[in-house]
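Taking it in order: structure first as structure tokens, then the write-up.
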Amino acid sequence: MDQDLKDNIMGALEQVIDPELGIDIVNLGLVYDADLNEEGLATVTMTLTAMGCPLAGTIVDQVKYVLEDIPEIKETEVNIVWNPPWSKDRMSRYAKIALGIK
């Protein structure tokens, strides 16, 4: 996958807002990787801020929805992982400022 397509995918994922924090999943550092195979299967590897997040299904559905408009993507699979564990250190400067974290 070329860098422009990867940037396009990550840009689309910035539209997915964590409902509890009000910040997108990319700036929160929840997206660990995005890949696309030759058959058009996009695989997004990500985590959540906490195990047992009641809104996990909503976030996964939103990830699939925002990637539907990218012509190269035929199907999306979302892998939720817990290792490495998420921490606020993964957040962008923007997210930290928005949430008042130093």
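What you are looking at is a predicted structure, and each value in this text was computed from that prediction instead of being measured.
Across L67, D61, V60, a single residue satisfies side chain to side chain contact (heavy atoms under 4.5 Å, CB included) together with V78, and that is V60. Evaluated for a side chain to side chain contact (heavy atoms under 4.5 Å, CB included) with L30, the options D18, I59, I23 yield exactly one hit, D18.
Of the N and O atoms on the side chains of N27 and S92, at least one donor lies less than 3.5 Å from an acceptor on the other residue.
Residues I70 and L5 have side chains in contact (heavy-atom distance under 4.5 Å, counting atoms from C-beta outward). Side-chain contact between D4 and N8 is absent, with no heavy atoms from C-beta onward closer than 4.5 Å.
Heavy atoms only, all atoms of each residue included: M10 and A34 are closest at SD-CB, 4.2 Å. Of all non-hydrogen atoms in L48 and M46, the two that sit nearest each other are CD2-CE, 4.1 Å. W86 approaches T47 most closely through the heavy-atom pair CB-CG2, 3.6 Å. Taking every heavy atom of both residues into account, C53 and E20 meet most closely at SG-OE1, 4.2 Å. In terms of heavy atoms, L28 sits closest to M91 at O-CG, 3.4 Å. When all heavy atoms are compared, the tightest approach of V63 to T76 is CG1-CG2, 4.4 Å.
Both V16 and Y65 are members of a single hydrophobic cluster when ILVMFWY side chains are connected at heavy-atom separations under 4.5 Å. M1 and L13 fall within a single hydrophobic cluster, where Ile, Leu, Val, Met, Phe, Trp and Tyr are joined by side-chain heavy atoms under 4.5 Å apart, directly or via other members. In the hydrophobic clustering of ILVMFWY residues, with side-chain heavy atoms under 4.5 Å counting as a link, V31 and L99 come out together.
At distances below 3.5 Å, at least one donor-acceptor pair connects side-chain atoms of Y32 with backbone N or O atoms of P84.
Residue K6 qualifies as enclosed at atom NZ: its count of foreign heavy atoms under 6.0 Å is above 12.
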